[in-house]
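Proteins get letters first, then strands, A, B, ... in listed order; numbering begins at 1 in each.
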Protein chains: 2
Amino acid sequence: MSGGVEWALHCCVVLTSVEEPASAARLAQLHDVSPSYLAKQLQALSRAGLVRSIQGKSGGYVLTRSPALITVLDVVEAVDGPGPAFVCTEIRQRGPMATPPQSCTAPCAISRAMAVAEAAWRDALRSVSVADLARDVGSDYGPGALAGMGKWLSAGEAPLDLRRLDRGPVQAEHKLITTAEEEE
Amino acid sequence: MSGGVEWALHCCVVLTSVEEPASAARLAQLHDVSPSYLAKQLQALSRAGLVRSIQGKSGGYVLTRSPALITVLDVVEAVDGPGPAFVCTEIRQRGPMATPPQSCTAPCAISRAMAVAEAAWRDALRSVSVADLARDVGSDYGPGALAGMGKWLSAGEAPLDLRRLDRGPVQAEHKLITTAEEEE
DNA sequence: ACTTACTCGGACATTTGTTATCCGAGATAA
DNA sequence: TTATCTCGGATAACAAATGTCCGAGTAAGT
């Protein structure tokens, strides 16, 4: 599974608590991840119609609909692709003992078992919405945690330049806690 | 998901209908797949303890236990690795708004949702055994189909050399049905 | 209305994992 | 005893994911 899924999900959760657009660069430095690559994931979300991109000086990304209507499966499919993880190669139709094609109208037993398992996986992901995730974050770390992130995102005091940010002190030496005034 | 899982599952199913060891080379040419690479998958099954390897002149692979006690999940984990597909990077502990470590004893909401989904996936795969697959094959293509493959495997008339087989006419031009007498 | 600066979007390298291959160690049958 | 067939791990070729860069476009400020 693609690792960018995690980033995209975190972004969707924090986008829950902002009304103004949040830029990719700011989201990247909030999570301390590669800005250029996070931009790629956000583009995928935009292509899937989950977020709306706003260009211009104070542009960024906004959710297109209520967080309750965006499932985790939507995000996963947007980033990792909608196709199933297991693809049947139809090797039953190959080799000396090949099954004749007229007997292969239905998928084989192996393919069926895999499909059932993936369906269960998708159902589980579909039953959780971004709103659910946001609520869990609130009950885990307190109601102010998520709001604080939204406020930090909206506090666009220092404009960000993506080109400079890429080689910045991001993830310099695994320091987990950094002061917010370092850019002043 | 690794494509070799499909090969390994097919091999386990056909191993259901043989008592004598089946060599990797013969299994490969039965399914018309790369012999060298199939050998790798069978080694993984051997390492996981699902099949037993027998060396020597008439050696090969045999299932270690009853097919009813080998689940599809066992095979998938043996080939693709037992680790979960989604790994949490703990990005909640990074960036300016990092969550303090003492608040991160339990996994985050995103990680939990993913874990639940993967558990459902694994449960579905665990509920299907190789014996179930073999039975389904019987009811799909008739009881003789699987027995025929077992018989073909045991009919070791012409010894096989893996080195020659790799550049052989395997998958030469997508011909699906080949005669069994071509090697005579 | 123009300029400017900031935004997204897609095209371009690099790294990791999968796919495929080869040759050596070991054991069995003759 | 010998020779041959077997598995097993170490070794390349390929693909996909990861990470990076610059150009097109738009909103704000002058």
Tell me, please, which residues at least two apart from Glu90(B) pass salt bridge (Lys or Arg N to Asp or Glu O under 4.0 Å).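 Per chain and number, Glu90(B) pairs via salt bridge (Lys or Arg N to Asp or Glu O under 4.0 Å) with Arg92(B).
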
With sequence neighbours excluded, tell me which residues meet salt bridge (Lys or Arg N to Asp or Glu O under 4.0 Å) with Asp80(A). none

Kindly indicate whether the side chain of Val72(B), heavy atoms from C-beta on, has any atom under 4.5 Å from the side chain of Leu133(B). yes

Nucleotide by nucleotide, 5' to 3', does protein get under 4.0 Å of the base (B), only the sugar-phosphate (S), or neither (-) in nucleotides 11-17 of chain D, counting heavy atoms? -------

Students should find that the end-to-end axis angle of the helix from dA1(C)-dT30(D) to dA30(C)-dT1(D), with five pairs defining each axis and rounding to 10 degrees, is 10°

Taking atom CD1 of Ile110(A) and atom SG of Cys12(B), what is their separation to the nearest 0.5 Å?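 The distance works out to 9.0 Å.
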
Can a donor-acceptor pair be found, under 3.5 Å and without considering hydrogens, that links the side chain of Thr16(B) to the backbone of Val13(B)? yes

In whole angstrom, what separates [X]'s [atom1] from [N]'s [atom2]?
X        : N       : atom1 : atom2 : value
Gln41(A) : dG19(D) : CD    : P     : 9 Å
Leu38(A) : dT18(D) : CG    : P     : 13 Å
Leu42(A) : dC8(C)  : CG    : P     : 8 Å
Gln55(A) : dC8(C)  : CD    : P     : 8 Å

Phosphate OP1/OP2 of [N] contacted by [X] side-chain N/O (<4.0 Å):
X        : N       : result
Ser34(B) : dT21(C) : yes
Gln43(B) : dG9(D)  : yes
Ser36(A) : dG19(D) : no

Short side-chain donor-acceptor distance under 3.5 Å, Asp136(B) and Ser139(B): no

Say whether Thr89(A) and Glu6(B), considering side chains only, have a donor N or O and an acceptor N or O under 3.5 Å apart. yes

Do any pairs count as a salt bridge (Lys or Arg N to Asp or Glu O under 4.0 Å) and have a residue in residues 97-113 of chain B, sequence neighbours left out, and if so which ones? Asp140(A)-Arg112(B)

Do any pairs count as a side-chain hydrogen bond (donor to acceptor under 3.5 Å, both in side chains) and have a residue in residues 38-58 of chain B, sequence neighbours left out, and if so which ones?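 For residues 38-58 of chain B, and leaving out neighbouring residues, the side-chain hydrogen bond (donor to acceptor under 3.5 Å, both in side chains) pairs sorted by first residue read Tyr37(B)-Gln41(B).
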
Within residues 45-54 of chain B, residues whose heavy atoms come under 4.0 Å of DNA chain D: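 Going residue by residue through residues 45-54 of chain B, the ones with a heavy atom under 4.0 Å of DNA chain D turn out to be Ser46(B), Arg47(B), Ser53(B).
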
Members of residues 6-21 of chain A that approach DNA chain D, where some heavy atom sits under 4.0 Å away: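 Only Trp7(A) qualify.
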
Connected hydrophobic set around Val62(B), excluding itself, where side chains approach under 4.5 Å: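 Besides Val62(B), the cluster holds Ile54(B).
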
Any ring pair (Phe, Tyr, Trp, His ring centres under 6.0 Å) pairs touching residues 63-119 of chain A, not counting sequence neighbours?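 Non-adjacent pairs meeting ring pair (Phe, Tyr, Trp, His ring centres under 6.0 Å): zero.
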
Show me the pairs that pass ring pair (Phe, Tyr, Trp, His ring centres under 6.0 Å) and involve residues 15-36 of chain A, at least two apart or across chains. His10(A)-His31(A)

Residues that Ser17(B) engages under side chain to side chain donor-acceptor pair (under 3.5 Å), provided they are two or more places apart: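 If we apply the side chain to side chain donor-acceptor pair (under 3.5 Å) test to Ser17(B), skipping adjacent residues, there are no hits.
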
Indicate, with yes or no, if Val79(B) and Met1(A) share a hydrophobic cluster defined by side-chain heavy-atom contacts under 4.5 Å among Ile, Leu, Val, Met, Phe, Trp and Tyr.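 Looking at the clustering, Val79(B) is in the same group as Met1(A).
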
Whichever of Gly4(A) and Ser58(A) has its nearest DNA chain D nucleotide further upstream toward 5':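 Upstream on the strand: Gly4(A).
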
Given DNA chain D, 5'-ward residue of the pair Lys57(B) and Tyr61(B), judged by closest heavy atom: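 The residue mapped nearer the 5' terminus is Lys57(B).
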
